Amino acid sequence: MEGREDLKSILEYLPVVVRTWSLFWPSQVVEALKALARGPEHSGVHSGELLFSAISDLRCSLSLSSHPLPPSAPHGYALFFDELMSRAEARKWFGEVVPALANLLLRLPSLLELHYQNADALINGGRDGVKTGLRLLHSQEAGIVFLSQELISALLGCSLFCLFPINNRGAKHLPTINFDHLFTTLYDSYNEKQENKIRCIIHYFERISFHMPKGYVSFERKVLPLEHGPLSISYPKASFWSNSAIPLCRFEVHSSGFIENQSSGALEVDFANKYIGGGVLHRGCVQEEIRFMINPELIASMLFMPSMADNEAIEIIGAERFSNYTGYASSFRFSGDYVDKRDTDSLRRRKIRIIAIDALCSPGMRQYKQKLLLRENNKAFCGFFHQSKYQQYKRLFRESGCSGIQPHSDVKDSNDVFSNNLLSHGASITSVETCGGKSVHKVIRDSEEILSLDNEDDVGIATGNWGCGAFGGDPEVKTIIQWLAASQALRPFISYYTFGMKALQNLDQVTQWILSHEWTVGDLWNLLVEYSLQRLKGETNDGFFTWLLPSLLYP
């Protein structure tokens with residue numbers, strides 16, 4: 001434990017203390033948790049009011065009282081556990097779940113020590129030097145953290161008991177992590193969706209108290225470097241998109257259903273806030289917040305993931321789903337238990353892949369400016385691209401004989417030639433013969449094994465109206481942007497869930513027409529830029545689909 005830089009970076013944000021590089025709870029906390037672990041007959045904690053009193057005592061023992069909880073927090077805990085819970089639910093909660101959580105928290109120091117002992121050898125026995133220990137994943141620093149589901153449950157228990165220090169979290173651009181505001185907003189402005197958000201969390205704690213899952217969840221900060229480098233794809237310029245000869249991937253339209261219920265193993269898009277989790281621990285209850293409620297292990301990312309910059313995304317693999325639900329926003333309701341039957345990979349993560357990408361918020365007409373089109377395209381591309389597969393992509397193009405593709409003028413270093421080859425070339429939009437006589441389509445099909453994750457078939461993208469709705473984006477433009485990014489990232493398909501949005505009623509017709517004409521990423525990008533310029537100049541008020549194909553949609 002001594003000298004670990006990962007632990008040093010996160011220590012001030014953890015509730016445990018360290019001495020001679022051993023982690024432990026202060027003695028007063030240990031005694032309080034032991035009392036809770038022995039049940040309400042011993043601790044006297046059999047109501048929400050008394051639970052909050054115990055939480056306050058724990059916080060005082062951890063010297064957290066200098067940052068008091070909101071005045072309504074105790075009323076929120078009392079409202080939920082003493083009024084909204086049935087008597088039978090409350091007996092189970094205080095008699096069985098709270099003692100189990102107290103025992104779990106007693107083990108947090110040992111769980112953390114075990115985590116750090118194993119962190120450096122988790123990937124390939126440590127031979128690749130990949131660091132997976134819990135740490136702050138700072139902005140512009142690509143990296144990955146692996147946490148056991150058991151450790152996550154202990155950390156979320158700390159959130160429920162509001163034990164995380166909040167000093168300097170704002171300065172580090174870290175989101176909320178304690179649950180006090182979740183209960184505060186329940187009391188201050190009661191509504192059913194807030195109650196049902198909490199019911200999802202409580203159900204999670206009930207589940208893990210009776211059966212602790214034994215898998216892992218990985219949390220990765222993905223970065224498209226702003227400068228060219230020899231070992232990664234950097235942040236593309238507009239010319240890269242304009243000249244791209246990558247073919248557009250398959251496009252599947254679903255007018256009903258939900259992203260989280262897809263069964264194709266695709267990477268599922270979280271319509272994220274730049275602060276991961278968005279308003280999940282406050283009043284928020286739209287796509288991202290709902291996902292974090294039904295897969296509560298996602299909340300752990302909020303402990304150590306600062307806000308995302310324009311060239312960053314966050315990928316989370318393995319977060320188990322625990323709850324069913326109905327509704328959306330104000331109509332959201334918890335509707336019982338969900339048993340997640342997805343398989344696990346070789347690293348014991350459930351095959352649930354979630355990518356958080358944040359769209360522009362309320363962009364208005366600005367969204368049609370090329371600079372902002374580029375921002376959105378690159379944001380989605382950052383999320384969809386396997387940066388870790390760079391060398392394999394490089395070998396793919398070298399072995400396919402792509403030597404005839406010349407570097408773009410933006411590429412100054414010979415090490416960046418491959419980056420340019422993947423992103424663009426100067427061939428005409430009708431040409432697909434680019435790599436040793438093979439079409440780009442054929443090269444990509446031949447690369448399926450290289451690009452696979454954990455020896456599986458290629459992983460597509462499951463998404464929907466990203467950046468629309470509350471974020472105010474143009475749904476037709478945002479659809480095209482995601483298609484461009486997925487195609488450029490060599491994803492085999494997009495499964496698009498329209499959620500019945502009227503503006504996308506012709507989406508299947510439009511995408512199939514485009515695919516039938518074998519357009520490239522560059523073709524479609526250039527048309528999107530032309531359309532957007534006309535929108536800015538007031539030369540058209542049509543949606544992109546109507547502007548592009550008026551005779552098809554309105555014969």
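In this chain, numbering begins with 1 at the start of the sequence shown. Computed from a predicted structure; not experimentally measured.
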Starting from the C-alpha separation in whole Å, work towards a yes-or-no answer on side chain to side chain contact (heavy atoms under 4.5 Å, CB included) for F499 and F258.
CA-CA 8 Å; F499 305 107; F258 300 96; 4.0 Å; yes
What do you reckon, is OH of Y187 surrounded by more than 12 foreign heavy atoms closer than 6.0 Å?
no
Is the shortest heavy-atom distance from the side chain of S159 to the side chain of F164 under 4.5 Å?
yes
Parallel, tilted or perpendicular: ring planes of H173 versus Y275, cut at 30 and 60 degrees:
tilted
Any carboxylate oxygen within less than 4.0 angstrom of a Lys/Arg side-chain nitrogen, looking at R333 and E192?
yes
Pair E268 + R353, salt bridge at N-O below 4.0 Å
no
Knowing that exactly one of T185, D188, D180 qualifies, which makes a side-chain hydrogen bond (donor to acceptor under 3.5 Å, both in side chains) with S72?
D188
Sub-6.0 Å ring centroid separation between F304 and F219
yes
Before you tell me yes or no, could you show the steps for N167 and E12 under side chain to side chain donor-acceptor pair (under 3.5 Å), namely the whole-Å CA-CA distance, both residues' side-chain angles and the distance that decides it to 0.1 Å?
CA-CA 8 Å; N167 297 356; E12 68 174 299; over 6 Å; no
Determine whether I461 and S495 satisfy the following criterion, side chain to side chain contact (heavy atoms under 4.5 Å, CB included), listing intermediate values before the conclusion.
CA-CA 6 Å; I461 304 296; S495 284; over 6 Å; no
Give the minimum heavy-atom separation between Q140 and A309, together with the two atoms involved.
NE2-CB, 3.4 Å
Under 3.5 Å donor-acceptor, H203 side chain and F322 backbone:
yes
Check whether any side-chain N or O of S307 sits under 3.5 Å from a backbone N or O of K274 as a donor-acceptor pair, and report yes or no.
no
So, are E252 and R250 salt-bridged, with charged N and O less than 4.0 Å apart?
yes
Any salt bridge between R350 and D343, counting N to O under 4.0 Å?
no
Would you say that F251 contacts D508 through its side chain, given a criterion of any heavy-atom pair below 4.5 Å between the two side chains?
no
Using only atom types and a distance under 3.5 Å, with no angle test, would you say the side chain of Q367 pairs donor to acceptor with the backbone of D474?
yes
Run H282 and T176 through side chain to side chain donor-acceptor pair (under 3.5 Å) and show every step you take.
CA-CA 9 Å; H282 291 265; T176 300; 3.1 Å; yes
Kindly say whether S86 contributes a backbone atom to a donor-acceptor pair with the side chain of E89 at under 3.5 angstrom?
yes
May I ask you to say whether D458 pairs ionically with R491, meaning some side-chain N is under 4.0 Å from a carboxylate O?
no
Under the salt bridge (charged side-chain N to carboxylate O under 4.0 Å, His left out) criterion, do K371 and E376 qualify, and how do the steps go?
CA-CA 9 Å; K371 180 180 178 180; E376 298 292 78; over 6 Å; no
Whether R321 engages the ring of Y338 as a cation-pi pair (distance to the six-membered ring centre under 6.0 angstrom, angle to the ring normal within 45°) should be assessed.
yes
I want to know whether H254 and Y496 have ring centres closer than 6.0 Å.
no
Under 30°, 30 to 60°, or over 60°: which ring-plane class applies to F544 and Y531, parallel, tilted or perpendicular?
perpendicular
Is any side-chain heavy atom of P306 less than 4.5 Å from a side-chain heavy atom of R221?
yes
Working for side chain to side chain donor-acceptor pair (under 3.5 Å), residues T344 and R349:
CA-CA 5 Å; T344 56; R349 301 173 298 179; over 6 Å; no
Could you tell me which residues satisfy side chain to side chain donor-acceptor pair (under 3.5 Å) with Y497, sequence neighbours excluded, listed by chain and number?
none
Nearest heavy-atom approach of V223 to A142 is CG2-N, 3.8 Å
F271 and F471 aromatic centres sub-6.0 Å:
no
Test D6 against K131 for salt bridge (charged side-chain N to carboxylate O under 4.0 Å, His left out), laying out the working first.
CA-CA 9 Å; D6 47 9; K131 304 297 184 184; over 6 Å; no
Taking Q194 for its side chain and L182 for its backbone only, find out whether a donor-acceptor pair lies under 3.5 Å.
yes
Would you name the heavy atoms of I290 and G327 that are closest together and state the gap between them?
CD1-O, 4.3 Å
Short side-chain to backbone donor-acceptor contact, E195 and R199, under 3.5 Å
no
In a check of side-chain hydrogen bond (donor to acceptor under 3.5 Å, both in side chains) between K222 and each of E315, E312, H386, which one passes?
E315
Applying side chain to side chain contact (heavy atoms under 4.5 Å, CB included), name anything that partners D542, two or more places apart in sequence or on another chain.
T540, T546, W547
Locate the shortest heavy-atom distance separating P475 from A503; write the atom from each residue and the value.
CG-CB, 3.8 Å
Can you check whether I357's main-chain N or O pairs, donor with acceptor, with W466's side chain at less than 3.5 Å?
yes
Ignoring hydrogens, what is the shortest heavy-atom contact between D270 and A356? Give both atom names and the distance.
OD2-CB, 3.4 Å
Side chain to side chain donor-acceptor pair (under 3.5 Å) partners of R169, counting only residues at least two apart:
none
Side-chain contact test, heavy atoms from C-beta onward, threshold under 4.5 Å: evaluate it for F161 versus N178 and give yes or no.
no
Look up atom OH in Y216 and atom CG in L147, then write down how far apart they are to the nearest 0.5 Å.
9.5 Å
Taking the side chain from K197 and the backbone from G284, do they hold a donor-acceptor pair closer than 3.5 Å?
yes
Apply salt bridge (charged side-chain N to carboxylate O under 4.0 Å, His left out) to the pair K8 and E5, showing each step before the final yes or no.
CA-CA 5 Å; K8 285 182 183 178; E5 294 301 319; 3.4 Å; yes
Any donor-acceptor pair under 3.5 Å linking the side chain of E150 with the backbone of S153?
no
Presence of salt bridge, D345 and K351, under 4.0 angstrom
no
Taking all non-hydrogen atoms of both residues, which atom of S323 and which atom of F334 are closest, and how far apart?
OG-CE1, 3.5 Å
May I ask you to decide if the ring planes of W241 and F381 are parallel, tilted or perpendicular, using 30° and 60° as cut-offs?
perpendicular
Dump the intermediate steps for side chain to side chain donor-acceptor pair (under 3.5 Å) on E227 and S234, then the final yes or no.
CA-CA 6 Å; E227 300 295 330; S234 57; over 6 Å; no
Rounded to the nearest 0.5 Å, what separation is found between the CG atom of L156 and the CD1 atom of I208?
8.5 Å
Side-chain (T132) to main-chain (L122) donor-acceptor, under 3.5 angstrom:
no
